[in-house]
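Numbering of ligands and ligand atoms starts at 1, following listing order.
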Amino acid sequence: NSDGANKLSKEDQELVLSLPRVKGWDFSFLYQYQGFWCPSRYLHGILSFQRHFQAKDTDIVLVTFPKSGTTWLKALTYTIANRSRYTLENTPLLTTPSHDLVPFTDLEIYSKNQSSILEDLPTPRILATHLPYASLPQSIINSNCRIVYLCRNPLDQFTSYWHFVLQPADPVSIDEAFEKFCQGVTMFGPVWDHELGYWKASLEKSNNVLFLKYEDLKEDIIYSTKKLADFIGCPFTNEEEAQGVIEEISKFCSFDNMKNLQVNQTGKVAYFGMETKAFFRKGKVGDWTNHLTPSMSKRLHNLMEEKFGESGLMT
Ligand code: A3P
């Protein structure tokens with residue numbers, strides 16, 4: 001339980017009180033901090049991460065908007081980066097959720113005042129956050145570390161998140177959730193600002209920021225796994241390619257394989273105290289068609305066109 005560690009200093013409490021606050025659909029209240037919406041319980045970890053984190057040039061920072069495939073990206077990156085240490089027969093992923101092997105640096109490590117563990121992580125350190133690009137610690141921006149951003153079509157991301165948040169005892173209607181989502185009021189939202197921030201950074205600093213799409217990973221995971229490995233500085237050798245290592249890793253990290261591991265059927269993520277199975281629902285592209293009405297999808301589509309504009313993100 002991180003409640004104790006989450007206690008904000010008097011100064012930060014005043015900061016929180018000065019922030020715009022709205023009723024959320026995913027959390028009782030969301031606070032607008034640096035342009036994104038955030039529950040107050042996360043602010044301690046975020047502020048601490050922003051103020052104190054020291055990046056190393058060898059760091060790999062995984063970033064996602066929630067429900068865009070974080071669990072998958074963590075598993076893939078962990079497996080690629082640690083393949084000389086572990087085989088697929090003895091990888092810790094068989095017994096430990098990817099969220100515990102690559103915990104969120106701000107929401108978990110700094111939130112629990114455990115930043116000292118960062119010093120002991122093997123190189124390259126694999127870190128994770130949901131923060132928008134503009135809110136990353138300055139040390140990350142100034143360093144030469146590599147940032148991998150995984151985005152997902154907001155229609156599917158919203159559908160996934162709505163299912164994730166849904167509590168049978170306290171259901172939120174999809175209409176209410178959707179309305180707020182379209183207004184940008186959702187944890188770390190608005191989603192378009194989040195995606196655009198990393199998209200622009202990936203164009204400006206292509207050596208440091210890799211922009212991936214969930215849909216592209218689903219379409220051609222071999223290509224994406226190779227691209228990811230190259231980008232994080234752990235490229236596959238010709239020999240590995242010939243031996244089918246890329247296929248094996250891709251298959252190991254696939255939805256069907258991961259979902260069926262005992263640890264992801266009955267385990268818990270130690271850090272969040274949440275059941276691992278909540279992170280594996282359908283793992284498909286286009287499930288929004290089963291949950292959003294035509295008018296909802298049209299509205300969101302129009303909003304995406306308006307927000308993404310000429311950026312190139314709609315293509
Ligand atoms: P769905 O709810 O659409 O099924 P996150 O990891 O960011 O919380 O995102 C969770 C979403 O990613 C869920 O989407 C989940 O099923 C999907 N997912 C989890 N592991 C996956 C994997 N190995 N391959 C593809 N999708 C995966």
Region of [X] engaging ligand 1 - heavy atom pairs below 4.0 Å:
X	answer
F164	neither
S254	backbone
Q157	neither

- Item | Spatial distance of atom NZ (K282) from atom CG (D156) [nearest 0.5 Å] |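 So the gap between those two atoms works out to 10.0 Å.
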Report yes if some heavy atom in the side chain of [X] is under 4.5 Å from a heavy atom in the side chain of [Y]; otherwise report no.
X	Y	result
I80	T225	yes
Q32	F36	no
F178	L300	yes

Side chain or backbone, does [X] bring an N or O within less than 3.5 Å of an N or O on ligand 1?
X	answer
M258	no
R281	yes
H99	no
K218	no

- Message: To check you understand the geometry: which heavy-atom pair defines the closest contact between K259 and F280, and what is its length?
- Response: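 Of all heavy-atom pairs spanning K259 and F280, the closest is NZ-O, 3.5 Å.
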Does some non-hydrogen atom of [X] fall short of 4.0 Å from ligand 1?
X	answer
K67	yes
Y161	no
R152	yes

Nearest neighbour in protein (non-hydrogen) for [atom]:
atom	answer
atom 22 (C) of ligand 1	W72 CG, 3.4 Å
atom 15 (C) of ligand 1	F279 O, 3.3 Å
atom 12 (O) of ligand 1	G69 CA, 4.0 Å
atom 27 (C) of ligand 1	F255 CD1, 3.6 Å
atom 23 (N) of ligand 1	C253 O, 2.9 Å

What atoms in ligand 1 come closer than 4.0 Å to a heavy atom of [X]?
X	result
G283	1 (P), 4 (O), 16 (O), 26 (N)
F280	16 (O), 19 (C), 20 (N)
T70	5 (P), 6 (O), 7 (O)
S160	1 (P), 2 (O), 3 (O), 11 (C), 13 (C), 14 (O)

State plainly whether the residues [X] and [Y] are in salt-bridge range, i.e. N to O under 4.0 Å.
X	Y	answer
E195	K307	no
R299	E179	yes
E215	K213	no

- Taking the side chain from D100 and the backbone from V269, do they hold a donor-acceptor pair closer than 3.5 Å?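 Such a contact is absent between D100 side chain and V269 backbone.
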- Please confirm whether the backbone N or O of L150 pairs with a side-chain atom of T64, one donor and one acceptor, at under 3.5 Å?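 Not at all, since once roles are kept as given, no pair shorter than 3.5 Å links the two residues.
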Out of [options], whose heavy atom sits nearest [atom]?
atom	options	result
atom 26 (N) of ligand 1	W288, F252, W162, Y214	Y214
atom 6 (O) of ligand 1	T64, T159, T71	T71
atom 4 (O) of ligand 1	K259, K282, K284	K282

On the 0 to 90° scale, with breaks at 30° and 60°, tag the [X]-[Y] ring pair as parallel, tilted or perpendicular.
X	Y	value
Y161	W25	perpendicular
H291	W162	tilted
F188	Y42	parallel

